[in-house]
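As structure tokens, the structure follows; a few thoughts come after it.
As a basis for the values below, the full set of heavy atoms in this structure was taken, side chains included, without hydrogen atoms, waters or symmetry mates.
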Amino acid sequence: MNDLKLHDAEFKFAEIVWDNEPIQSGELAKLCAQKLGWKRTTTYTVLKKLISRGLLQNENAIVTSRVTKGDVLQYESRTVTDKTFGGSLPSFIAAFLDGGELTDQEAESIKRMIDRHREDRR
């Protein structure tokens, strides 16, 4: 799947699906009214749009995702890194850390992620 770009409202909607799937479409509309202040028609319009893009599915009034939240977050992260930093993760990290503080715990967590990534590639 090439385009996993979700606008803010679409992402909030997808989060409701991810957190509650499988979910009946009527219940989804109720949750969107409560959490997003949407009318039922807005919910169904966004649902239809995300179904047409292949991100969600609605079979027998049961809504489920076809992509994970992790897939979308990974896509967004890579898009930002590619667009803004020429695909350079070190440049992204340097910009992220510029002027900010990184706790020892955060640094250790990042180190463990890198170590796991290296081990997985072997």
Kindly compute the distance separating [atom1] ([X]) from [atom2] ([Y]), expressed to the nearest 0.5 Å.
X    : Y    : atom1 : atom2 : result
S25  : L56  : OG    : CG    : 12.0 Å
R40  : L28  : CZ    : CG    : 9.5 Å
K49  : L55  : NZ    : CG    : 10.0 Å
D8   : F13  : CG    : CZ    : 15.0 Å
D115 : E108 : CG    : CD    : 8.0 Å
Q24  : N58  : CD    : CG    : 10.5 Å

Qualifying salt bridge (Lys or Arg N to Asp or Glu O under 4.0 Å) pairs with a residue from residues 15-30, counting only residues at least two apart or across chains: E15-K69
Do other residues, nucleotides or ligands put more than 12 heavy atoms under 6.0 Å from E106 CD? yes
Whether the side chain of [X] engages the backbone of [Y] through a donor-acceptor N/O pair (distance < 3.5 Å, no angle test) should be reported.
X   : Y   : result
D3  : K5  : yes
S65 : T68 : no
E76 : L73 : no

Are any of the side-chain nitrogens in E10 or R53 under 4.0 Å away from the carboxylate oxygens of its partner? yes
Carboxylate-amine/guanidinium contact R116 D120, below 4.0 Å: no
Establish whether [X] and [Y] are linked, either directly or via other cluster members, by ILVMFWY side-chain heavy-atom contacts under 4.5 Å.
X   : Y    : answer
V80 : L4   : no
I23 : I51  : yes
L89 : L102 : yes

Passing option when L31 is tested against N20, L36, T43 for side-chain contact (heavy atoms from CB on, under 4.5 Å): N20
Ring centroid separation for W18 and F11, is it under 6.0 angstrom? yes
By the side chain to side chain donor-acceptor pair (under 3.5 Å) test, which pairs, at least two apart or in different chains, include something from residues 77-99? S88-S91
Looking at side-chain heavy atoms only, is the closest gap between V67 and V72 below 4.5 Å? yes
Listing request: all ring-ring contact (aromatic ring centres under 6.0 Å, His included) pairs with a residue in residues 79-122, at least two apart in sequence or in separate chains. F85-F92
Using every non-hydrogen atom in the two residues, find where A29 and Y44 come nearest and quote the distance to one decimal. CB-OH, 4.2 Å
